[in-house]
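A short write-up of the structure that comes next.
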Amino acid sequence: MFQLLIVDDEIESLEWLVELFEACDEEINIYTASVAREALELLNDIKFDIVLTDIQMPGMDGLELYKRIKENWSHIRVIFLTGYSTHEILYQVAQDKTIRYLVKTETPQKIVNTVLEVYGELRKEREAALKQRQNEALLSQAKYWLEKGIMEQLVNELVEPQ
């Protein structure tokens with residue numbers, strides 16, 4: 001099960017997106033915020049995996065929200081879902097290869113598939129990191145026992161000269 005935060009100032013869009021993700025087969029805890037400040041409060045309280053956010057919002061926009069997320073919760077993946085596709089926004093978004101950019105005119109299935117794809121990538125990254133930590137622990141244990149064995153052998157040779 002993963003945690004999804006949807007941020008959009010258009011209440012109809014929020015409701016539609018919640019319905020869309022509730023209907024998919026994945027187990028997802030869905031949270032919503034209608035402004036970026038509310039999203040930041042939720043981000044302080046809940047460990048999210050993915051934030052699906054609009055860009056154009058009153059007050060703090062989605063790009064500023066993204067910057068705050070990267071500063072404070074670097075493990076969270078961001079997907080922009082917006083009605084705008086200006087070159088400036090695309091350029092800013094394209095600088096980070098871990099984020100996705102979707103236009104609201106995409107099909108519902110494309111939106112769901114993109115979120116699930118990003119979650120799959122996160123799962124693989126977490127599994128790889130866990131495997132790395134396990135390998136490091138095994139290596140550390142092996143090093144300990146190897147050093148202990150060498151020390152015992154040296155001590156035995158000193159105590160029992162041949």
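What you are looking at is a predicted structure, and each value in this text was computed from that prediction instead of being measured.
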### Task
Please test F48 against I69 for side chain to side chain contact (heavy atoms under 4.5 Å, CB included), starting from the C-alpha separation and ending with a verdict.
CA-CA 11 Å; F48 287 99; I69 289 170; over 6 Å; no

#### Entry: Derivation and outcome, side chain to side chain contact (heavy atoms under 4.5 Å, CB included), residues D8 and K104
CA-CA 11 Å; D8 198 318; K104 287 184 177 180; 2.8 Å; yes

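The two atoms that bring L43 and W73 nearest to each other are O-NE1, 3.4 Å, heavy atoms only. Heavy atoms only, all atoms of each residue included: M57 and G62 are closest at CE-N, 3.7 Å. L20 and P108 make their closest contact through CD1-CB, 3.4 Å (heavy atoms, listed as atom of the first residue, atom of the second, distance). D49 and Q3 get closest at one heavy-atom pair: OD2-N, 2.8 Å. Shortest non-hydrogen contact noted between A39 and A33 is N-CB, 3.6 Å. Nearest heavy atoms, D9 versus P58: OD2-CD, 3.4 Å.
Counting non-hydrogen atoms of neighbouring residues, nucleotides and ligands closer than 6.0 angstrom, the CG atom of N135 exceeds 12 such neighbours. The number of heavy atoms from other shown groups lying within 6.0 Å of CD (E27) does not exceed 12. Surrounding CZ of R126 are more than 12 heavy atoms belonging to other residues, nucleotides or ligands, all under 6.0 Å away.
Using cut-offs of 30° and 60° for the angle between ring planes, the Y101 and F80 rings count as tilted.
The structure places CD1 of I50 at 8.0 Å from CG of L116, a figure rounded to the nearest 0.5 Å. From L63, atom CG reaches atom OG1 of T82 across 9.0 Å, with rounding to the nearest 0.5 Å. Atom CG of L17 is separated from atom CD1 of I111 by 6.0 Å, given to the nearest 0.5 angstrom. From L5, atom CG reaches atom OG1 of T53 across 8.0 Å, with rounding to the nearest 0.5 Å. Taken from OH in Y119 to CD1 in I28, the straight-line distance is 9.5 Å, to the nearest 0.5 Å. To the nearest 0.5 Å, atoms CG (L102) and CG (L52) are separated by 7.5 Å.
Following chains of ILVMFWY side-chain contacts shorter than 4.5 Å, one cannot reach I46 starting from V35, and the two form parts of different hydrophobic clusters. Tracing side-chain contacts under 4.5 Å through hydrophobic residues (I, L, V, M, F, W, Y), one reaches L14 starting from V112; they form part of the same cluster. With hydrophobic clusters built from ILVMFWY side chains whose heavy atoms lie under 4.5 angstrom apart, L40 shares a cluster with I55. A continuous path of Ile, Leu, Val, Met, Phe, Trp and Tyr side chains, each step under 4.5 Å between heavy atoms, connects I11 with L81, placing both in one hydrophobic cluster. Residues L138 and W145 are members of separate hydrophobic clusters, defined by side-chain heavy-atom contacts under 4.5 angstrom among Ile, Leu, Val, Met, Phe, Trp and Tyr.
Salt bridge annotation for E152-K148: present, with a cationic side-chain nitrogen under 4.0 angstrom from a carboxylate oxygen. Electrostatic pairing of R68 and E64 counts as a salt bridge here, judged by a charged N lying under 4.0 Å from a carboxylate O.
The closest side-chain heavy-atom distance from F2 to V115 is below 4.5 Å.
Side-chain N or O atoms of D61 include none that pairs as donor or acceptor with a backbone N or O of Q56 at under 3.5 Å. With hydrogens and angles disregarded, a donor-acceptor distance shorter than 3.5 Å links the side chain of T114 to the backbone of K110. In this structure a side-chain-to-backbone donor-acceptor pair under 3.5 Å is missing from K70 to L65.
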